[in-house]
Amino acid sequence: MAVTNEAVQAALKDLIDPNTHKDYLSTRSARNIKVDGADVSLDIELGYPAKTQLDEVRRAVITRLRTIPEIGDVSVNVSVKIVAHTVQRGLKPLPGVKNIIAVASGKGGVGKSTTAVNLALALSQEGATVGLLDADIYGPSQPQMLGLVGQKPESKDGVSMDPLLAYGLQAMSIGFMIDIDSPMVWRGPMVTQALEQLLKQTNWQDVDYLVVDMPPGTGDTQLTLAQKVPVTGAVIVTTPQDIALIDARKGLKMFEKVGIPILGLVENMSIHICSKCGHEEHIFGQGGGEQMCKDYDTEFLGALPLELSIRELTDSGKPTVVGAPDSRAADIYRTIARRLAVKIAERARDMSAKFPSIVVQNT
């Protein structure tokens, strides 16, 4: 008996993507299904980077299809296609950048910059082309975290700049242009102008995700980002204790007010792991981030430990994802990054490039 297309679709409907938590048919990932007698071939096109899981997905699909009675050869090709998604009304994606992710916090000291650089590196490891913009004009930290202290970007035309490269990331920061000990004694308008220049005068090269490491708080930089920068979504970083969550809630509400969707929340320093004995303890409290997500109907992307090695590796210019890629923390960063990319893939696609500009003239 020949295998039917309906039998193939029924089998795929029972198979759940571990990252989207949905089947491959409902997400329209299964494409080009071809049945030739008993033989079956199809493509699985993922809308998010998952380089480390492509073989696993392929094996899972083949295993599921082989349960169909009388099936013959099974051929499955798994690929990734990342596209631009919608941004705030009235804005269009930047040239050379498909999606911008703002990583923000309501207050300083919660590990936002460490989270931002590791998520950027994790997305890159999963096969995406990633940029990292250090938008903290007063306290740029990404040059240190990426091992780029002392390096300066080049400008071929005297107007635009080429980003520096580190571990496959395209990076830009005001820290590349000033002395490490020089304070930025600037008023708000100068800060917002510097942010716009760093963002729009950098020659980003076919970036799938531009991760923006935001300064803490809800001030001028955040308003500039909301009004003039096409942001796909924001991630809020917090720690579990009440005093941090108070400010994290303010940050979340700010993005909601300016029309930037919240992609989810990351709880940093969730649990302390002793470097000597491995004892685990919730020294900053427990469950605060998850409760906040329930209160505001947003997704809890994951929790990261308070671990000595995370700080040591970041200070040395080799963040955890590249400095200790097989560690528990690196695996958590990659899991959060994949889920973050899935949340973006689920948003409506940007269609601005599909429509011609309409000009009305008197003749």
Side-chain angles (χ1 to χ4, degrees), residues 18-19 52-53 101 103-126 130 132 141-142 144-147 167 169 211 213-214 216 234-249 251-252 262-294 298-343:
N19 297 301
T52 61
Q53 296 192 329
I101 305 168
V103 179
S105 66
K107 69 189 299 293
V110 298
K112 168 188 51 62
S113 294
T114 299
T115 301
V117 69
N118 276 292
L119 289 181
L121 289 167
L123 288 168
S124 179
Q125 281 191 357
E126 290 291 359
V130 184
L132 178 62
S141 55
Q142 293 302 341
Q144 176 73 35
M145 293 183 172
L146 290 171
Y167 311 115
L169 291 185
V211 177
D213 179 14
M214 298 293 295
V235 177
I236 304 297
V237 180
T238 186
T239 48
Q241 73 267 41
D242 292 342
I243 196 68
L245 289 165
I246 290 172
D247 293 321
R249 291 169 188 265
L252 185 147
I262 303 298
L263 300 171
L265 181 140
V266 175
E267 187 178 85
N268 205 21
M269 308 181 200
S270 178
I271 186 171
H272 174 252
I273 301 175
C274 179
S275 59
K276 299 295 184 182
C277 66
H279 174 68
E280 299 183 355
E281 186 177 11
H282 295 275
I283 61 175
F284 289 134
Q286 185 175 2
E290 291 177 293
Q291 184 59 51
M292 177 177 161
C293 288
K294 291 177 183 177
T298 192
E299 181 163 337
F300 186 74
L301 295 172
L304 289 153
L306 175 61
E307 200 170 278
L308 177 63
S309 64
I310 294 177
R311 194 275 302 166
E312 290 178 333
L313 288 167
T314 305
D315 281 353
S316 69
K318 293 182 178 180
T320 303
V321 170
V322 293
D326 298 324
S327 65
R328 170 185 172 184
D331 186 58
I332 296 172
Y333 280 123
R334 284 190 292 267
T335 300
I336 293 173
R338 285 194 300 270
R339 186 57 194 164
L340 179 60
V342 167
K343 294 287 289 184

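Put simply, CZ on Phe300 and NZ on Lys294 are 10.5 Å apart, with the number rounded to the nearest 0.5 Å. With rounding to the nearest 0.5 Å, the separation of CG in Leu119 from CG in Asp213 is 10.5 Å. Atom CE of residue Met269 and atom OG1 of residue Thr114 lie 7.5 Å apart, to the nearest 0.5 angstrom. Interatomic distance, Leu308 CG to Leu313 CG, rounded to the nearest 0.5 Å: 9.0 Å. Taken to the nearest 0.5 Å, the CG atom of Leu263 stands 8.0 Å off from the OG1 atom of Thr298.
For the pair Val266/Ile236, no side-chain contact is recorded, criterion being any heavy-atom separation below 4.5 Å from C-beta on. Two residues are said to be in side-chain contact when any heavy atoms from C-beta on lie closer than 4.5 Å; Lys112 and Val103 meet this criterion. Side-chain atoms of Glu290 and Leu265, non-hydrogen and from C-beta on, never get closer than 4.5 Å to each other. Counting heavy atoms from C-beta outward, Phe284 and Leu306 have side chains that approach closer than 4.5 Å. Inter-residue side-chain proximity for Leu132 and Leu146 is flagged as met; some heavy-atom pair is nearer than 4.5 Å.
Enclosure of atom CD1 in Ile243 is not indicated, since only 12 or fewer non-hydrogen atoms of other residues, nucleotides or ligands lie within 6.0 angstrom.
For the 3.5 Å distance criterion, the side chains of Asn268 and Thr239 fail to qualify, holding no donor opposite an acceptor. No donor-acceptor contact under 3.5 angstrom links the side chains of Gln144 and Ser141, judged on distance only.
Shortest non-hydrogen contact noted between Pro325 and Arg334 is O-NH2, 2.8 Å. Shortest non-hydrogen contact noted between Glu267 and Gly287 is OE2-C, 4.4 Å. The two residues Val211 and Ala116 have their closest heavy-atom pair at CG1-O, 3.9 Å. Closest approach of Ala329 and Leu304 over heavy atoms only: O-CD2, 4.2 Å. Taking each heavy atom of Val110 and Ser105 in turn, the nearest pair found is CG2-CB, 3.6 Å. Of all heavy-atom pairs between Val117 and Met145, the closest is CG1-SD, 4.1 Å.
Arg338 places no side-chain N or O within donor-acceptor distance of the main-chain N or O of Asn19, the cut-off being under 3.5 Å. Under a 3.5 Å cut-off, the side chain of Thr335 and the backbone N or O of Asp331 do form a donor-acceptor pair. Formation of a donor-acceptor pair under 3.5 Å by the Glu307 side chain with backbone atoms of His272 is not found in this model. Panel note: side chain Gln142, backbone Ser113; a donor-acceptor pair is recorded below 3.5 Å. Looking only at distances, a side-chain donor or acceptor of His282 sits under 3.5 Å from a matching main-chain atom of Ser270. Ser327 contributes a side-chain N or O that, together with a main-chain N or O of Ala324, makes up a donor-acceptor pair within less than 3.5 Å. Distance alone, capped at 3.5 Å, is enough to place a donor-acceptor pair between the Asn118 side chain and the Thr320 backbone.
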Output, in order, the C-alpha distance, side-chain angles, deciding distance and verdict of side-chain contact (heavy atoms from CB on, under 4.5 Å) for Glu281 and Ile271. CA-CA 6 Å; Glu281 186 177 11; Ile271 186 171; 5.7 Å; no
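Salt bridge Glu280/Arg328: present, at least one basic N to carboxylate O contact under 4.0 Å.
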